[in-house]
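Okay, so here's the structure we're looking at.
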Amino acid sequence: MLQLSFIRENKDATLAGLRKRHFANADQIVDQVIALDQQRRDTQRDLDDTLALSNAKAGQIGLLMKAGDKAAAEAAKLETADLKARSKELADTLRQLEADLQNVLVTIPNLPHSSVPEGRTADDNAAVLEHGTIPTLHANALPHWELIKKYDIVDFELGTKISGAGFPVYKGKGARIQRAMINFFLDEALKAGYTEVQPPILINEDSGFGTGQLPDKEGQMYFATDDKLYLIPTAEVPITNMYRDVILPEGQLPTKNVGYTPCFRREAGSWGAHVRGLNRLHQFDKVEIVRIEKPENSYTALEEMSQYVQSLLQKLELPYRVLRLCGGDMGFTSALTYDMEVWSAAQGRWLEVSSVSNFETYQANRLKLRQKVAGKMQLLHTLNGSALALPRILAAILENNQTPDGIRIPSALVSYCGFDTIS
RNA sequence: AGAGAGAUGGCAGAGUGGUCGAUUGCGUCGGUCUUGAAAACCGAAGACUGUAACAGGUCCGGGGGUUCGAAUCCCUCUCUCUCUGCCA
């Protein structure tokens, strides 16, 4: 959520940022926010003045009662009726204005960083770099959804019986390589200075709001209605919300957490082409890194995170590219996002395996995550990134490393798996 | 799940209708003293909103109510603790 004071004082910059995102009706909505805010402040002032009078009267009555002057006290009581009615009315108005303002405010996305490229769609994303060589496959190479059947390591039909489409069962070496990747990713993060956490995978409404999934994306999350809990779409939500309503002492910054969780996404409406096999699932595993940084350090931290994710891809010997997302393709809450995509050789396309973002103060403002600098409160910056999401990594390894004799496991994973080939 | 007890400032813990935004202790920060530290003593310190700055307003788990006036009374929700039950 953007800060009201920022919008008020930087209307032009706000509008320019929203335009870069191709956010519809930006002028109208910003004007509405400013108008509502003005009304809110006027009403607040009226209410405050009324309450001040009312408080003064109550104090007088208290003194009169103490002095035993009942008659005067009763007389003073009569004078408060008006104030009471008026303050109730103003309080109602204020509450309504605040709700209206909030409802508009949450529809406004974060403002893009100055380095975010212009553009509307994924085609407009800027390529930052490409690394590794695209493998040449043998004549009878298969896409991963054939390979998993051939070697019987992931079973979609079985998952469909148990749960439904998009809930695969990993079997044998398929399950073991999943566990290997999780351990590998966590160990690497520990070496890079991250602290491992294991958060809940069901979250309440406040947490969903804190990181921006609510009210925007409720349709994308599974919801346990009896208990009003959402299944997490990413560990970003519970890990970042550990810092909701927190004033971090300076000595605790930066915080660097890593967590492994399953992730659940309804993916309502997104089924169709390009979602075969492991490309898009309702349940998948992911290791996530989350950092809280001082504002002046957050972009350095973002670069570090990007380098870190790349180091994982290099250790897995996967060809990848890094994209800087354009204004139109960025997530709602992000100020700058890098996507890492690996080459999926048999599909002949890039697969997004990580998204690393700086949210600046957008989440922190909702979370009320702050530090105190020279006696003043200041919002902190939040960042997160996948490190990494498992299914597409598995898909790329299967496809890129296939030979007529089987699938070669990247050497970094062999000690974790306990085997070097799937055959 | 049942019964009971609770929820107050970083922590502990007073406060049961009227200068209570809140006693006190610990912790924290500053000062005096000291070569330095400890101890002792003195002092400071919450958040939100609002203002050019003051002022003002709000916040004692959340929400609602009673009252001229609520941390304090009532309703409700959530959570915690103890006991019992059940169960990885």
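Below, chain A is the first sequence line, B the second, and so on; all start at residue 1. Computed from a predicted model, the values in this text were never measured in an experiment.
Atom P of B:rC77 sits at a distance of 40 Å from the matching atom of B:rG25, rounded to the whole Å.
Using a 4.0 Å cut-off, some side-chain N or O of A:R41 falls inside it from OP1 or OP2 of B:rU51. Side-chain N/O atoms of A:K84 include one lying less than 4.0 angstrom from OP1 or OP2 on B:rG69. In this structure, A:N55 reaches the B:rU58 phosphate: one of its side-chain N or O atoms is under 4.0 Å from OP1 or OP2. Remark: A:R45 is not in phosphate contact with B:rU49, judged by side-chain N or O atoms under 4.0 Å from OP1 or OP2.
Inspection of the A:N110 and A:S334 side chains reveals no N or O donor paired with an N or O acceptor under 3.5 Å.
Just one of A:I292, A:T361, A:D245, A:I247 meets the side-chain contact (heavy atoms from CB on, under 4.5 Å) condition when paired with A:L369; it is A:I292.
Under the 6.0 Å distance and 45° angle rule, A:K173 does not count as a cation-pi partner of A:Y151.
Protein atom CG of A:L47 is 20 Å distant from nucleotide atom P of B:rC48, rounded to whole Å. With rounding to whole Å, A:I247 atom CD1 is found 17 Å from B:rA45 atom P.
Residue A:M65 is the one, among A:A76 and A:M65, whose nearest nucleotide of RNA chain B lies closer to the 5' end (criterion: closest heavy atom). Between A:A56 and A:L63, the residue anchored nearer the 5' end of RNA chain B, judged by the nucleotide with its closest heavy atom, is A:L63.
Distance from the side chain of A:K372 is smallest for B:rG46 among the nucleotides B:rG65, B:rU49, B:rG46.
Nucleotide B:rC41: paired with B:rG31 (Watson-Crick or G-U wobble, both distances less than 3.5 Å).
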